[in-house]
Amino acid sequence: MNTKDQRFFNAKNLAYLGLLIGIILVIDITHLGYFNVGVISVTSLHIPVIIGACIGGWRYGGILGLAFGLTSFFRALQGGQGLMTPFFMNPLLSILPRLLFGLFVGFLVDRLKGKNPFFHYAIPAFLGTMVHTTMVMGGIYLVYGQRLAEMIGGNMEAVRAMVLGVFATNGLPEAVFAAILALAVMGAYDVKTGKSKTASSLTSH
């Protein structure tokens with residue numbers, strides 16, 4: 001194990017990961033992480049992934065994204081994803097997009113390190129959430145579009161309109177909320193951990 005790996009797998013980082021994975025599991029078990037809007041299953045479990053990626057970069061993001069995806073997959077196996085349950089039994093839709101989502105947010109956070117908090121935290125949270133929605137809904141449309149059309153009693157045009165509607169009514173508001181929450185939580189985190197550059201830039205506004 002090299003020096004960078006040793007720094008990552010220290011007690012402090014493992015404690016943060018354990019806490020965030022615990023939050024994901026609690027939200028999932030208590031059914032607060034998923035709620036159905038029509039035939040669409042909406043989730044809030046992307047928030048701990050974003051916060052973790054902001055704290056620990058792509059490594060945290062990947063691990064937490066995988067945890068997010070696994071909860072979605074196992075919930076689908078238990079029939080807990082509403083009418084979308086059969087789709088999320090496919091790990092290419094339930095696990096892979098969530099893993100890539102966490103890695104993407106963490107990668108952006110790493111690339112924007114040293115920028116002001118808005119660019120460092122809010123932009124990755126916003127773009128990551130939109131990419132997540134695109135991957136999940138786009139995957140459902142491409143793989144199960146015809147089946148979904150039958151479920152809603154329409155055609156592919158109706159499915160396309162529904163997918164676009166999800167972007168407008170769910171994806172965009174979720175992305176804005178994630179950006180605001182990431183900025184607020186990470187602002188407090190940076191102040192508490194003494195990251196003076198971020199803390200001073202926050203207090204100067």
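If you look at Phe177 and His46, their ring centroids are not closer than 6.0 Å.
Looking at Leu112 and Tyr121, their side chains never come closer than 4.5 Å, going by heavy atoms from C-beta outward. When side chains are defined from C-beta on, Phe73 does not count as touching Phe88, because their heavy atoms never get closer than 4.5 Å. Put simply, the side chain of Asp28 reaches to within 4.5 Å of the side chain of Leu45, judged on heavy atoms. Using a 4.5 Å cut-off on side-chain heavy atoms (C-beta onward), Val131 and Phe101 make no contact. Looking only at side-chain heavy atoms (C-beta outward), Leu77 and Met89 come within less than 4.5 Å of each other. A heavy-atom distance below 4.5 Å is found between the side chains of Tyr60 and Asn13. Side-chain contact between Ile47 and Leu181: present, with at least one pair of heavy atoms (C-beta onward) separated by less than 4.5 Å. Side-chain contact between Asp110 and Phe107 is absent, with no heavy atoms from C-beta onward closer than 4.5 Å.
Nearest approach of Leu20 to Pro48, heavy atoms of both residues: CD2-O, 4.0 Å. Nearest heavy atoms, Pro173 versus Ala168: CD-O, 3.5 Å. When all heavy atoms of Gly62 and Leu99 are compared, the closest pair comes out as O-CD1, 3.3 Å. The minimum heavy-atom distance between Ala53 and Gly61, with the atom names listed, is CB-CA, 3.9 Å. Residues Gly171 and Met130 approach most closely at O-SD, 3.5 Å, considering heavy atoms. Between Val105 and Gly128, the closest heavy-atom pair is CG2-CA, 3.7 Å.
Aromatic ring pairs are classed by plane angle as parallel below 30°, tilted from 30° to 60° and perpendicular above 60°; the pair Phe87 and Tyr144 is parallel.
Note that SG of Cys54 is 7.0 Å distant from NE2 of His120, once rounded to the nearest 0.5 Å. One distance of note links OG1 of Thr71 with CD1 of Ile95; it measures 9.5 Å at 0.5 Å rounding. The OG1 atom of Thr129 lies 10.0 Å from the CZ atom of Phe104; values are rounded to the nearest 0.5 Å. For the atom pair Leu103 CG and Leu108 CG, the distance stands at 11.0 Å (nearest 0.5 Å). How far OG1 of Thr30 is from CD1 of Ile27: 7.0 Å, rounded to the nearest 0.5 Å.
Linking Ile, Leu, Val, Met, Phe, Trp and Tyr whenever their side-chain heavy atoms come within less than 4.5 Å puts Phe118 and Leu172 in one cluster. The hydrophobic clustering, which links ILVMFWY residues whose side-chain heavy atoms are closer than 4.5 Å, places Val26 and Leu64 apart.
Arg98 places no side-chain N or O within 3.5 Å of a backbone atom of Ala67 that could act as its donor or acceptor partner.
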Review item, side-chain donor-acceptor pairs of residues 147-156, under 3.5 Å, at least two apart:
unit_1, atom_1, unit_2, atom_2, d
Asn155, OD1, Glu157, N, 3.1
Asn155, OD1, Ala158, N, 2.9

